Amino acid sequence: MPLQETFYQSFEVKFSGLSAEERRKIRLLINSVIISFIFSLGYFFLSFYTGFLPGRYTMIISIAVSMMLLLLLKPGNWRTMCQIFIVMCWLLTWILIAFTSGNQSPILPWFVLIPLLSIMLQGGKWPILWSAIIVVNYFLILVLPALPQQYIYVAPWPAFFSVTLNVGLMLFIFFIAQTFSKHQENLLNVTEKANEELRAAEEELRQSFEEVSAIQELLEQQNRTISDAQRKTQDYLQTLIKLATCDGILKGNLSLAFDQILQQALQALQAGRASIWYFDDKAEAIICQAIHDANNKDEKPGVILSRNGIEPYFDAILKEKVVVATDARTHPATSCFTEHYLRPLDIQAMLDVPYFENGTFKGVICIEQKGSTREWDKEDVIFVKAIADLVNVAANSAARKEAELEIAEQREEISRQNQSLIQYADEIKSMNETLELRVKERTKELDEQNQKLSEYAFINAHLLRGPLSRIMGLIEVIQLEKSPEEIKKMVQHLQRSTDELDEVVHRITSLIHEGRMFDRTIFKK
């Protein structure tokens with residue numbers, strides 16, 4: 001019905017905020033009003049042929065009310081409009097029955113439309129109420145007096161008039177039922193579609209639930225993995241903290257530090273064997289510097305492994321790579337150890353991490369699993385790398401301790417040298433003071449000697465030289481003189497000069513022997 005669809009589409013926008021059931025009843029109302037409008041229009045034109053004036057006027061009322069209902073219909077008043085439409089149909093049916101012989105009227109069957117319209121448009125208790133009203137109306141028609149004969153319409157062709165009414169009733173019921181059926185079918189289709197969508201949604205929900213369950217299981221597994229990793233990381237962290245403050249590192253005892261590091265590393269990793277190896281100067285061999293075996297406490301370090309025959313391992317380690325061998329006997333870098341090292345010691349897995357000293361590649365930390373292969377996880381690798389750093393710390397601590405001891409020895413030697421220098425300085429100071437005193441004394445002695453020499457020179461020049469010169473002169477005179485008296489006289493003079501000279505010499509000798517200071521005044525006395 002294009003007209004029905006036009007009216008419905010024109011009002012669809014107004015009712016978009018209502019529920020689906022409310023919109024369905026409004027659509028039924030619109031369809032019912034449109035059908036009523038069409039039938040009213042048809043009977044209006046038919047009244048010109050039948051001459052049924054009450055019918056014409058009632059049809060005009062029906063057409064006007066139908067148009068008013070369609071124009072005034074709103075989301076908030078649709079229930080009232082349904083009630084008005086049903087009441088209009090009920091009143092118009094009463095009017096038509098009244099003007100067509102009352103209880104003999106062919107329009108009596110049209111009363112059945114009222115409960116049907118109530119069922120479609122109202123629902124609830126309203127259909128029961130209208131059914132009761134119609135039953136009462138039927139009994140009222142039987143007991144109420146009919147209108148005067150002059151107001152009663154007598155059809156010129158009663159059979160035709162009755163047929164048109166019955167056909168109209170049938171068509172009205174058919175269209176109403178068809179509309180209701182169509183709406184029910186649409187409702188069923190919508191319900192079926194909704195059910196299919198619901199089933200599809202349920203299937204999708206089931207699949208989503210399975211996916212969520214799988215994701216949840218995966219998340220739980222990941223949570224367990226993360227929890228295990230966190231627990232392992234926490235244990236490793238506690239071990240590293242404990243090792244960072246161990247006696248070997250703090251005291252700079254390299255041997256003790258290596259033993260404590262390897263022992264704690266084995267306990268934390270739950271491995272069977274751990275060792276520290278360093279390369280020789282030419283990187284042609286690795287030497288075991290420290291080792292700890294959980295099952296063999298007596299194993300000693302010092303094992304040397306030459307590059308020959310184990311080149312793949314050397315190539316991997318010298319590239320400063322971490323060797324993670326789940327199965328050491330098949331791993332490309334460690335399979336070369338199988339016959340002479342892995343198989344005799346029942347080693348199945350290896351984790352080797354390079355370590356450095358002062359930024360220079362020095363050797364490798366080797367962790368070995370006995371009896372079975374092992375999946376080394378990233379926490380294990382990170383922990384062994386931290387162990388490698390601790391080995392570097394231990395080496396630096398030992399070097400620092402050795403340097404401190406050397407510095408202490410140098411300080412003691414410097415202290416001893418300082419004491420010696422202080423002693424030497426004191427001695428030098430004492431010697432300087434003694435030397436100064438001796439210099440003063442010696443200077444005084446020299447002054448005295450110089451004075452003695454000066455006095456001696458004076459004595460020699462005057463007191464000794466004078467008598468000696470006279471003696472020498474007298475001897476020459478005696479040699480020239482020939483007179484005995486003169487010679488005797490000269491001898492006497494010579495004797496006096498000799499005595500004078502002897503006295504001066506005797507005094508000088510006596511003064512020198514006594515150590516006394518002498519000067520020319522003594523001789524003047």
Side-chain angles (χ1 to χ4, degrees), residues 1-48 52-99 107 110-127 129-130 133-134 165 168-169 171-187 190:
M1 294 182 180
L3 183 60
Q4 175 187 356
E5 294 297 330
T6 301
F7 274 101
Y8 177 74
Q9 292 175 1
S10 65
F11 290 104
E12 181 67 22
V13 178
K14 294 183 178 181
F15 311 121
S16 59
L18 301 178
S19 65
E21 179 64 18
E22 289 175 329
R23 291 198 302 272
R24 184 183 70 83
K25 289 183 179 181
I26 292 173
R27 184 162 184 167
L28 285 173
L29 173 61
I30 294 173
N31 292 339
S32 300
V33 171
I34 291 174
I35 292 172
S36 175
F37 178 85
I38 294 172
F39 270 80
S40 298
L41 192 61
Y43 277 109
F44 172 76
F45 289 111
L46 186 62
S47 67
F48 289 98
F52 185 34
L53 292 178
R56 185 183 305 170
Y57 299 143
T58 55
M59 293 304 105
I60 292 173
I61 294 172
S62 176
I63 291 170
V65 173
S66 297
M67 293 179 64
M68 181 194 69
L69 289 174
L70 293 177
L71 292 174
L72 298 179
L73 182 62
K74 294 179 180 180
N77 64 0
W78 68 272
R79 290 183 176 86
T80 303
M81 293 302 175
C82 288
Q83 190 68 24
I84 291 173
F85 177 69
I86 294 172
V87 171
M88 179 198 72
C89 294
W90 173 65
L91 290 175
L92 292 179
T93 303
W94 255 110
I95 293 172
L96 291 175
I97 290 172
F99 284 97
I107 302 176
W110 282 74
F111 263 141
V112 300
L113 289 175
I114 306 304
L116 292 177
L117 291 174
S118 180
I119 291 172
M120 289 190 304
L121 302 178
Q122 293 179 306
K125 296 180 179 180
W126 283 103
L129 178 60
W130 278 111
I133 292 173
I134 296 303
L165 289 174
L169 177 61
L171 292 175
F172 196 90
I173 293 175
F174 172 76
F175 286 120
I176 292 295
Q178 182 67 19
T179 301
F180 183 75
S181 176
K182 185 177 180 181
H183 277 276
Q184 290 297 108
E185 184 179 353
N186 290 336
L187 181 61
V190 171

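One is the number of the first residue; the rest follow in order along the sequence. Note that the structure is a prediction, hence the values are computed from the model and not measured.
The one candidate from Ile84, Val65, Leu117, Leu113 that meets the side-chain contact (heavy atoms from CB on, under 4.5 Å) condition with Cys89 is Leu117.
Contacts of Ile134 classified as side chain to side chain contact (heavy atoms under 4.5 Å, CB included), with partners at least two apart in sequence or in another chain: Trp90, Phe111, Ile114, Pro115, Asn137, Tyr138. Evaluation of the ring pair (Phe, Tyr, Trp, His ring centres under 6.0 Å) rule for Phe39 yields Phe172 as partners, not counting sequence neighbours. For Thr93, the side chain to side chain donor-acceptor pair (under 3.5 Å) criterion is met by no residue, not counting sequence neighbours. Annotation: ring pair (Phe, Tyr, Trp, His ring centres under 6.0 Å) contacts of Phe45 (sequence neighbours excluded): none. Ser66 meets the side chain to side chain donor-acceptor pair (under 3.5 Å) test with no other residue; sequence neighbours excluded. For the side chain to side chain donor-acceptor pair (under 3.5 Å) test, residues two or more places apart in sequence or in another chain that qualify with Ser118 are Gln122.
With a 4.5 Å cut-off on side-chain heavy atoms, Ser62 and Phe37 do not count as touching. Under the 4.5 Å side-chain criterion, counting only non-hydrogen atoms from C-beta, Phe85 is in contact with Val33. Looking at Asn77 and Lys74, their side chains come closer than 4.5 Å, going by heavy atoms from C-beta outward. Inter-residue side-chain proximity for Met81 and Leu29 is flagged as met; some heavy-atom pair is nearer than 4.5 Å. Taking 4.5 Å as the limit, some side-chain heavy atom of Ser36 sits within range of a side-chain heavy atom of Met88. Within the 4.5 Å cutoff, side-chain heavy atoms of Met120 are placed close to those of Ser32. Leu129 places a side-chain heavy atom less than 4.5 Å from the side chain of Trp126.
Between the CG atom in Leu46 and the CZ atom in Phe48 there is a gap of 10.5 Å [rounded to 0.5 Å]. For the atom pair Ile95 CD1 and Ile107 CD1, the distance stands at 11.0 Å (nearest 0.5 Å). For the atom pair Leu73 CG and Trp78 CH2, the distance stands at 10.0 Å (nearest 0.5 Å). Considering SG of Cys82 and CG of Leu69, their distance stands at 9.0 Å, rounded to 0.5 Å.
Looking at Arg56, its side chain never comes within 3.5 Å of a backbone N or O of Phe44 through a donor-acceptor pair.
Nearest heavy atom pair, residue Lys25 against residue Leu121, reads CD-O, 3.7 Å.
The 12-atom threshold is exceeded at CE of Met68, counting heavy atoms of other residues, nucleotides or ligands nearer than 6.0 Å.
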